[in-house]
Visitor: 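This is the structure, below, for whatever I ask next.
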Protein chains: 2
Amino acid sequence: MPTTESASRTVAGLASELGLSVLRLRRRLSLEQHPGNPLSLSQMTVLGTLYRHGEMTLGDLAAHERVQPPSMTRTVGVLGAGGYVRRHQSSTDGRVQLITITERGISTLLADRKRRDAWLTQALIHLTADERSILRAAAPILDRLANDD
Amino acid sequence: MPTTESASRTVAGLASELGLSVLRLRRRLSLEQHPGNPLSLSQMTVLGTLYRHGEMTLGDLAAHERVQPPSMTRTVGVLGAGGYVRRHQSSTDGRVQLITITERGISTLLADRKRRDAWLTQALIHLTADERSILRAAAPILDRLANDD
DNA sequence: TATTGTTATACTCTATAACTATA
DNA sequence: TATAGTTATAGAGTATAACAATA
């Protein structure tokens, strides 16, 4: 029976193990973080992206989040209905919808993050400082893997 | 506007960034790895767990994968219909369903992993050796975060 | 009664295809 | 014609509630 350690010695093995780890952790994150949070993890990433990048078109937002436009239309629709984002047409191109995060979106994002990260923070506290350093170094690499073309 | 680097300096910030990174990478993995693969990432993790642990009850499998029993009933049903796993009642407890991976399940698991990991492997190749080392060290830590209580 | 697993049902996130409005 | 976004529809994966069978 292969173990994480032995399988990770090759690049392909690392890819495989990383995929499984990411899936399981993601599942746990979206379950464990939910109670009491008004927004899903997906919705929060959209708010986070808008918070960082400022005004974006719906298409750019979809591309950044790696979802298809109809999916983003829906997500933005829900966020807009809740008052977390605002949309307005571009003055130079009537087809384009520009999306911005509202004050309410920002405060919700920050508050939600706090609550949402509670258990992961708790879990991280139980790691050694070295292990946290590894994760701190790994996070941006994971992000690049998710976003690079 | 916060950046990944600045936000990660605190434990809570690390938790937040890690959560976002994991979500995005997971989304990309399940999209990019799909074409040509008969099994979903979720189904594969079940096969992987059975491959490692050998015979398991449906309940233990659900607990290990962190899903509710009805979800696992469905997943195992699909895998059983495809001939990837076999189920038989416990001889000592008529309520218990014991699940094992079949030869077909094993060969499919190994073959699927190869194809499924193709793009991630490709992405990993573009990293530096140091970056790969970080991920190699991070994978088991992520797994512990996902599985520890 | 308590436990294991199943059935019935519903929700979230995502996709593709077809469409509208604008360029 | 081509592009930006929407509407309609569907599928995968998950959940909760209620149930059946067994302990």
Side-chain angles (χ1 to χ4, degrees), chain A residues 20 22-35 37-47 55-82 85 87-99 146, chain B residues 20 22-35 37-47 49 55-82 85 87-99 116 146:
Chain A
L20 299 185
V22 165
L23 170 64
R24 291 210 184 88
L25 184 53
R26 194 277 177 185
R27 190 151 53 202
R28 183 128 190 219
L29 281 169
S30 52
L31 286 183
E32 224 96 359
Q33 295 183 337
H34 245 273
N37 283 329
L39 299 177
S40 71
L41 202 50
S42 291
Q43 291 163 344
M44 196 185 80
T45 66
V46 171
L47 288 189
E55 186 173 75
M56 291 175 80
T57 69
L58 191 139
D60 286 348
L61 207 43
H64 186 273
E65 297 298 307
R66 302 257 170 204
V67 299
Q68 294 300 309
S71 301
M72 191 50 67
T73 292
R74 209 180 90 157
T75 298
V76 166
V78 171
L79 290 174
V85 303
R87 53 203 309 170
H88 42 282
Q89 275 193 325
S90 165
S91 52
T92 59
D93 185 338
R95 296 169 304 180
V96 169
Q97 295 286 319
L98 295 166
I99 322 291
Chain B
L20 299 185
V22 165
L23 170 64
R24 292 210 183 88
L25 183 53
R26 195 280 176 180
R27 189 152 55 202
R28 184 131 189 215
L29 280 169
S30 54
L31 286 181
E32 223 98 357
Q33 295 182 338
H34 245 274
N37 283 329
L39 299 177
S40 72
L41 203 49
S42 291
Q43 291 163 343
M44 196 185 80
T45 66
V46 171
L47 288 189
T49 297
E55 186 174 75
M56 292 175 79
T57 70
L58 191 139
D60 286 347
L61 208 43
H64 187 273
E65 297 298 307
R66 303 258 169 201
V67 298
Q68 293 302 308
S71 302
M72 190 51 67
T73 292
R74 209 179 89 157
T75 300
V76 166
V78 171
L79 290 174
V85 303
R87 56 202 308 168
H88 42 283
Q89 274 193 326
S90 163
S91 52
T92 59
D93 185 338
R95 297 169 301 180
V96 170
Q97 295 287 319
L98 294 166
I99 322 292
R116 188 180 298 278

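Here is the naming used below: chain letters follow the sequence lines, and residue numbers restart at 1 for every chain.
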Visitor: What I'd like to find out is whether the side chain of A:His88 reaches to under 4.5 Å of the side chain of A:Glu55, using heavy atoms alone.
Guide: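 Yes, close enough: below the 4.5 Å cut-off.
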
Visitor: Look at the side chain of A:Gln43 and decide which nucleotide, out of D:dG5, C:dC13, D:dT14, has an atom nearest to it.
Guide: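 Within the option list, the nearest is C:dC13.
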
Visitor: OP1 or OP2 of D:dA12 sitting under 4.0 Å from any side-chain N/O of B:Ser40?
Guide: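 So the side-chain polar atoms of B:Ser40 never come under 4.0 Å of the phosphate oxygens OP1 or OP2 of D:dA12.
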
Visitor: Is A:Gln68 touching bases, backbone alone, or none of the nucleic acid, heavy atoms closer than 4.0 Å?
Guide: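 Base contact - A:Gln68 has a heavy atom under 4.0 Å of at least one base atom.
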
Visitor: Can you name the nearest heavy-atom pair linking B:Asp60 to B:Thr57, along with the distance?
Guide: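 For B:Asp60 versus B:Thr57, the nearest heavy atoms are N-OG1, 3.0 Å.
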
Visitor: Among the nucleotides C:dT7, C:dA17, D:dT14, which one has an atom lying closest to any side-chain atom of A:Pro70?
Guide: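 The listed nucleotide nearest to A:Pro70's side chain is C:dA17.
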
Visitor: Which atoms form the tightest heavy-atom contact between B:Val76 and B:Val85, and what is the distance?
Guide: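 What the structure gives for the nearest pair is O-CG2, 4.0 Å.
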
Visitor: Let me know the distance between CZ of A:Arg66 and P of C:dA15, rounded to the nearest Å.
Guide: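 Rounded to whole Å, this separation is 12 Å.
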
Visitor: Just N and O in the side chain of A:Ser71: are any of them under 4.0 Å from OP1 or OP2 of C:dT14?
Guide: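 No, no such contact exists.
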
Visitor: Tell me whether the side-chain N/O atoms of A:Thr73 come closer than 4.0 Å to OP1 or OP2 in D:dG5.
Guide: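 Negative; the distance criterion is not met.
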
Visitor: Nearest-nucleotide wise, let me know which of B:Arg74 and B:Thr57 is further upstream toward the 5' end of DNA chain C.
Guide: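 Here B:Thr57 is the residue nearer the 5' end.
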
Visitor: Pick the nucleotide of DNA chain C nearest each of B:Arg87 and A:Thr75; which residue has the one closer to the 5' end?
Guide: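 The residue closer to the strand's 5' end, by nearest nucleotide, is B:Arg87.
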
Visitor: For a 4.5 angstrom cut-off between non-hydrogen side-chain atoms, does A:Thr73 reach A:Gln97?
Guide: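 A:Thr73 vs A:Gln97: side chains apart.
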
Visitor: Taking the side chain as everything from C-beta on, heavy atoms only, tell me whether A:Arg87 gets closer than 4.5 Å to A:Ile99.
Guide: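 SC-SC contact between A:Arg87 and A:Ile99 confirmed.
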
Visitor: Rounding to an integer number of Å, can you tell me how far A:Glu65 CD sits from C:dA15 C1'?
Guide: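 Distance, rounded to whole Å: 17 Å.
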
Visitor: Do you know the tightest heavy-atom contact between A:Thr45 and A:Ser42?
Guide: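 Distance-wise, the nearest heavy atoms are OG1-O, 2.8 Å.
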
Visitor: If you compare all heavy atoms of A:Gln89 against all heavy atoms of A:Gly94, which two are closest, and at what distance to 0.1 Å?
Guide: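 Minimum heavy-atom contact is NE2-O, 2.8 Å.
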
Visitor: Nucleotides 21-23 of chain C: which of its N/O atoms have a protein N/O under 3.5 Å away?
Guide:
from	atom 1	to	atom 2	distance (Å)
C:dT22	O3'	A:Gly94	N	3.3
C:dA23	OP1	A:Gly94	N	2.7

Visitor: Do the side-chain N or O atoms of B:Ser42 get closer than 4.0 angstrom to the phosphate oxygens (OP1, OP2) of D:dT14?
Guide: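 Answer yes for this pair, as a side-chain N or O of B:Ser42 is under 4.0 Å from OP1 or OP2.
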
